[in-house]
There are 2 protein chains.
Amino acid sequence: MSNISIYTDKLRESGLRPTRQRLKICEVLFSPEKTFHFTINDLTKIIENKLSEKISLATVYNTIHAFKNKGYLKEISINSDKSYFDTNVTEHHHFFDEDTNELIDCNNDDIDSVNIKKNITGKKIKSVEVLIKVASDNQNQN
Amino acid sequence: MSNISIYTDKLRESGLRPTRQRLKICEVLFSPEKTFHFTINDLTKIIENKLSEKISLATVYNTIHAFKNKGYLKEISINSDKSYFDTNVTEHHHFFDEDTNELIDCNNDDIDSVNIKKNITGKKIKSVEVLIKVASDNQNQN
DNA sequence: TCAACAGTTTAGAATTGTTTTAATGTAAAT
DNA sequence: ATTTACATTAAAACAATTCTAAACTGTTGA
Ligand SMILES: [Mn+2]
Ligand SMILES: [Mn+2]
Ligand SMILES: [Zn+2]
Ligand SMILES: [Zn+2]
């Protein structure tokens with residue numbers, strides 16, 4: 001499939017030139033039908049498999065940050081160990097499975113929209129997100 | 001005030017002996033009327049001011065983790081830079097001010113309780129928390 | 001055509017928050 | 001008192017992320 005022009009557009013929109021490495025990142029991120037969650041390490045490994053060649057961590061970080069700033073990716077903080085990124089850039093909620101450290105999207109019709117009665121003077125709400133931590137029954141609570 | 005026996009109890013309950021350093025940590029954490037949010041660095045500085053003496057980071061980390069495991073503190077992840085801790089251990093929601101990097105508690109009557117219609121098979125819900133990111137109007141969205 | 005430029009890749013170094021280590025010190029139990 | 005277990009500490013190790021600077025690549029325009 002010739003998604004390549006889509007990828008070059010996204011890169012240019014993000015202020016980046018389309019290069020071999022960056023196009024491969026795009027392929028991994030934007031060709032799957034389903035959105036997904038990943039860490040920088042996940043992504044780097046996937047790319048090195050597909051590319052059969054090393055890619056520099058600096059390139060991955062740079063590209064991911066540019067996409068995040070442009071709004072083509074979201075960053076999700078679960079614990080402070082490492083960052084998770086999300087190719088689903090719509091505002092949505094998450095389950096986090098503490099047994100497997102896995103993030104699971106929550107469809108908007110799985111949660112009633114959150115009704116906030118308070119506001120901070122002089123501040124605008126930028127996002128409202130719910131995080132539901134789950135674990136198998138016989139598990140020590142976090 | 002003689003909160004000291006309260007502090008020693010909390011320490012013992014957490015599996016720790018009461019020492020000068022740990023009692024000072026307790027005083028900073030548990031004597032204020034209002035709950036508050038802090039980072040390890042915040043806390044260490046406060047303690048060193050009150051104590052007029054250095055305290056080892058390792059001691060602070062150990063004590064804070066023991067309290068967290070016992071449920072006397074909560075850990076909150078906002079971004080992956082650093083951990084925030086909360087002396088308010090009830091389940092509650094937060095505003096996060098992106099301009100100042102400040103956490104603000106959300107009273108339970110400021111948000112309708114979140115209604116979750118989906119569940120993950122074999123998993124129990126451990127917590128449900130809402131994070132509302134805010135910023136001053138003329139601000140670039142995260 | 002090809003030199004000059006702007007932006008890119010990369011390995012490795014630096015930085016930051018956190019955890020571990022191991023030597024020394026202190027509280028508690030006997 | 002003596003012994004034991006646990007604490008404190010500075011410093012080292014660690015892991016995620018960011019920065020650096022040298023080599024590289026694609027583009028531009030003389
Ligand atoms: Mn961050
Ligand atoms: Mn870190
Ligand atoms: Zn998601
Ligand atoms: Zn709070």
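Lettering of chains follows the sequences in order, A, B, ..., and the numbering in each one begins at 1. For clarity, every value in this text was computed on a predicted model and none was experimentally measured.
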Enquirer: Expressed in angstrom and rounded to an integer, what is the separation of B/I47 atom CD1 from D/dT8 atom C1'?
Expert: 14 Å
Enquirer: Only one of A/L103, A/D105, A/L73 passes side chain to side chain contact (heavy atoms under 4.5 Å, CB included) with A/D86; say which it is.
Expert: A/D105
Enquirer: If you look at every strand shown and take non-hydrogen atoms under 4.0 Å, does B/T39 touch a base, only sugar-phosphate, or nothing?
Expert: nothing
Enquirer: Calculate the interatomic distance between B/I25 atom CD1 and D/dA7 atom C1'; express it in whole Å.
Expert: 11 Å
Enquirer: Does D/dT18 have OP1 or OP2 under 4.0 Å away from a side-chain N or O of A/Y61?
Expert: no
Enquirer: Side chains of B/E91 and B/S127: any donor to acceptor distance under 3.5 Å?
Expert: no
Enquirer: Using a heavy-atom cut-off of 4.0 Å across all strands, would you classify B/T19 as base, sugar-phosphate, or nothing?
Expert: sugar-phosphate
Enquirer: Nearest whole angstrom, please: distance from the P of D/dA16 to the CG of B/N79.
Expert: 17 Å
Enquirer: Could you pull out the protein-nucleic contacts involving nucleotides 28-30 of chain C (nitrogen or oxygen on both sides, under 3.5 Å)?
Expert:
unit_1: C/dA28; atom_1: OP1; unit_2: B/R12; atom_2: NH2; d: 2.7

Enquirer: How many Å lie between CD on B/E53 and P on D/dT9, as a whole number?
Expert: 7 Å
Enquirer: Look only at the side chain of A/N62 and the backbone of A/A58, and say whether a donor-acceptor pair between them is shorter than 3.5 Å.
Expert: yes
Enquirer: Any idea how A/Y7 and A/F30 line up, ring-wise: parallel (<30°), tilted (30 to 60°), or perpendicular (>60°)?
Expert: tilted
Enquirer: Rounded to whole angstrom units, what separation is found between the CD1 atom of B/I55 and the P atom of C/dT26?
Expert: 15 Å
Enquirer: DNA chain C: B/R20 or B/A58, which has the more 5' nearest nucleotide?
Expert: B/A58
Enquirer: Nearest whole Å is fine: how far is C/dT8 P from A/N62 CG?
Expert: 9 Å
Enquirer: Write down the distance between NZ (B/K82) and C1' (D/dT18), rounded to a whole number of angstrom.
Expert: 15 Å
Enquirer: Mind checking if B/G15 touches a base, just sugar-phosphate, or nothing, with heavy atoms under 4.0 Å?
Expert: sugar-phosphate
Enquirer: Taking only the side-chain nitrogens and oxygens of A/T59, find out if one of them lies under 4.0 Å from OP1 or OP2 of C/dT8.
Expert: no
Enquirer: In whole angstroms, how far is the C1' atom of D/dT17 from the NE2 atom of A/H65?
Expert: 8 Å
Enquirer: Quick check: are there more than 12 heavy atoms from other residues, nucleotides or ligands sitting under 6.0 Å from NZ of B/K34?
Expert: no
Enquirer: Kindly say if B/Q21 contacts the phosphate of C/dT26, meaning a side-chain N or O under 4.0 Å from OP1 or OP2.
Expert: no
Enquirer: Measuring from the side chain of A/I40 (C-beta onward, heavy atoms only), which nucleotide among D/dT9, D/dT17, C/dT8 has the closest atom?
Expert: D/dT17
Enquirer: Distance-only, no hydrogens or angles: does the B/H65 side chain make a donor-acceptor pair with backbone N or O of B/T63 under 3.5 Å?
Expert: no
Enquirer: Is it the case that over 12 heavy atoms from other parts of the model lie below 6.0 angstrom from the NZ atom of B/K54?
Expert: no
